[in-house]
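One structure is given below, encoded as structure tokens.
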Protein chains: 2
Amino acid sequence: MRRPDARPLYVQVEAILNERIVSGSWRSGQVLPAEPELAAELGVSAGTLRRALAGLERRHLIQRRQGRGTYVAQQTSEQALGQFFRVRNLAGQPVEPETLVTALVTGPATEEEAARLRLAPGEEVHRIDRSRIFEGEPRIAERITLPAALFPGFSLPLAPEQLGMEIYVYYRNRHGIIVVRSDEKLSAIAAAEPDSAVLGCAIGTPLLLIERVTFDAAGRAVEMRVSRLDTRAHRYAVEIV
Amino acid sequence: MRRPDARPLYVQVEAILNERIVSGSWRSGQVLPAEPELAAELGVSAGTLRRALAGLERRHLIQRRQGRGTYVAQQTSEQALGQFFRVRNLAGQPVEPETLVTALVTGPATEEEAARLRLAPGEEVHRIDRSRIFEGEPRIAERITLPAALFPGFSLPLAPEQLGMEIYVYYRNRHGIIVVRSDEKLSAIAAAEPDSAVLGCAIGTPLLLIERVTFDAAGRAVEMRVSRLDTRAHRYAVEIV
DNA sequence: TTCGCATGGTCTTGTATAAGACACAAGACG
DNA sequence: CGTCTTGTGTCTTATACAAGACCATGCGAA
């Protein structure tokens with residue numbers, strides 16, 4: 001007797017639970033059924049379920065706490081910053097950015113945007129231009145590109161409780177997009193005129209160029225972002241294991 | 001009855017096995033005893049042992065293959081490059097670097113070197129200056145600093161079979177230093193005169209500056225490295241999860 | 001006889017199950 | 001305000017079978 005699905009059972013279970021979170025049938029912050037109960041419902045042993053849950057926890061989709069239970073991860077600004085924001089000051093400490101949006105427009109994707117976001121040529125995208133400010137000084141100039149199909153009617157958060165919110169939290173709360181992974185390519189460029197104006201640096205100042213593509217829990221490319229970081233007072237930190 | 005060591009058993013077992021590899025009582029490439037045998041020797045269950053082995057495998061200290069056995073990881077140039085060398089060409093493909101060493105000197109550590117390598121002020125270090133060449137063009141200029149205490153009598157590999165070898169492989173084979181982790185800080189700088197000479201670029205060309213500190217399986221800081229990458233034709237790739 | 005190779009035995013790790021002791025958190029109760 | 005109870009995840013053990021790798025045996029063809 002052959003299994004129809006050759007993947008290990010714990011992988012299949014992880015996919016099932018992932019789907020429940022992506023589809024929203026388990027909502028953010030909600031507590032999951034206890035291990036024995038969930039295992040019984042899925043028809044697998046507790047050990048198999050635990051292995052699947054461990055995979056979800058590694059991708060920050062759930063959060064487990066002994067004695068309390070297992071929760072669908074609530075993406076907070078702190079969590080999003082800790083996971084995706086790699087900028088440190090010269091002492092190696094994390095910095096807390098403020099954000100200033102300068103433009104939000106919608107239009108057809110460029111060739112590069114379409115390629116990176118796996119869109120058909122000419123599909124509509126939203127573009128956000130903004131700067132990020134550390135300790136009063138603008139240090140990053142960036143453009144975010146979103147497929148309009150995934151973010152229908154995208155507009156910027158204006159309610160006071162949303163103003164300081166990381167944009168990934170907003171993706172999730174407003175559009176149900178759960179960000180889990182980014183690919184980045186780094187290089188060094190010289191500041192051009194628009195960057196120098198935003199960042200208050202001389203033209204030609206070396207900037208760290210970060211080209212990011214971000215994927216959600218369903219595996220879709222959901223965001224493209226090009227950031228220019230002024231590294232006179234900050235560093236981009238990476239750990240290699 | 002309280003356990004004297006409050007850490008979970010599988011963590012203790014992982015530490016024991018880690019120590020056996022670090023101390024060299026299990027040599028590189030050697031096959032470990034089979035699971036049931038090793039579990040019996042350590043006095044733990046097979047499941048606990050497996051969990052410890054999974055931790056070692058995650059850190060690339062061992063390599064397991066179903067049907068064959070568990071081996072102490074043999075650091076090859078391919079493995080070291082795949083793990084620690086993040087440079088890609090513009091198509092996103094890995095590049096194969098050649099290396100040209102221009103200097104090897106020994107002297108007292110600078111203040112910065114001592115701080116990063118956790119050395120006492122004035123301790124001796126070896127310094128290697130070299131360039132890395134992709135497709136015939138020098139693209140990285142870098143200086144490697146090693147604590148002399150950890151690398152006694154350090155000299156460069158000259159035997160033909162060692163010439164193309166990644167230096168981390170050489171650390172391991174010649175000095176028993178097993179590299180497992182690096183912290184990096186990235187920034188952008190303008191090429192100064194020496195860099196421009198090595199890299200064949202104009203003075204002022206933006207370069208990606210990579211400041212790396214590397215740690216071995218015993219948790220010691222074993223290497224500091226400052227690299228300048230010419231990103232006109234290459235990128236530094238990161239995945240964030 | 002000798003070569004080639006299929007086959008089965010036996011070793012390994014990988015997957016899945018079950019059960020119990022333990023540790024932590026929260027609320028109920030005195 | 002402490003203590004107890006209940007419910008939760010965590011750790012550890014044990015067992016069984018599946019699947020990959022290797023090797024010796026031995027059969028059949030040249």
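Throughout, protein chains are lettered first and strands after them, A, B, ... in sequence-line order, and every chain is numbered starting at 1.
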Would the A:His126 and A:Phe151 ring centres measure less than 6.0 Å apart? no

Of A:Gly67 and B:Glu37, the one whose nearest nucleotide on DNA chain C sits closer to the 5' end is B:Glu37

Discussion item. Tell me whether A:Arg181 forms a cation-pi arrangement with A:Phe215, defined as NZ or CZ under 6.0 Å from the six-membered ring centre and within 45 degrees of its axis.
Written reply: yes

B:Arg7 atom CZ is separated from D:dT12 atom P, nearest whole Å, by 11 Å

(message) Please verify the inter-ring angle class for B:Phe154 with B:His175; under 30° counts as parallel, over 60° as perpendicular, anything in between as tilted.
(response) parallel

Base C:dG14 to side chain B:Gln66, donor-acceptor N/O within 3.5 Å cut-off: no

B:Gln63 atom CD is separated from C:dT12 atom P, nearest whole Å, by 18 Å

So, with a heavy-atom separation below 4.0 Å from DNA chain D, the residues of residues 38-59 of chain B are B:Val44, B:Ser45, B:Gly47, B:Thr48, B:Arg51

note: B:Arg64, atom CZ; C:dT15, atom C1'; distance rounded to Å ~ 13 Å

Rounded to whole Å, the CZ-P distance (A:Arg68 to D:dT10) equals 13 Å

request  = Identify whether the distance between the nearest side-chain nitrogen and carboxylate oxygen of B:Lys185 and B:Asp183 falls below 4.0 Å.
outcome  = no

- Message: So, OP1 or OP2 of C:dA16: does either fall under 4.0 Å of a side-chain N or O from A:Tyr10?
- Response: no

Rounded to whole Å, OH of B:Tyr71 lies from P of D:dG20 at a distance of 17 Å

In a table with atom names and distances, give each donor-acceptor pair under 3.5 Å that connects a side chain of residues 41-49 of chain A to protein atoms at least two apart or in another chain.
{"residue": "A:Glu41", "atom": "OE1", "partner": "A:Arg20", "partner atom": "NH1", "Å": "3.4"}
{"residue": "A:Glu41", "atom": "OE2", "partner": "A:Arg20", "partner atom": "NH2", "Å": "2.9"}
{"residue": "A:Ser45", "atom": "OG", "partner": "A:Thr48", "partner atom": "N", "Å": "3.3"}
{"residue": "A:Ser45", "atom": "OG", "partner": "A:Thr48", "partner atom": "OG1", "Å": "3.2"}

_Distance test, side-chain N/O of A:Arg65 to OP1/OP2 of C:dC24, below 4.0 Å_ = no

When rounded to whole Å, the CD to C1' distance for the pair A:Glu35 and C:dG20 reads 14 Å

Between CG of A:Leu32 and C1' of D:dG7 the distance, given in whole Å, is 15 Å

Here the distance between atom C1' of C:dA23 and atom CG of B:Leu9, to the nearest Å, is 16 Å

When every non-hydrogen atom of B:Met165 is compared with those of B:Tyr170, the smallest separation belongs to SD-N, 4.2 Å

Between B:Gln83 and B:His60, does any side-chain donor sit less than 3.5 Å from a side-chain acceptor?
yes

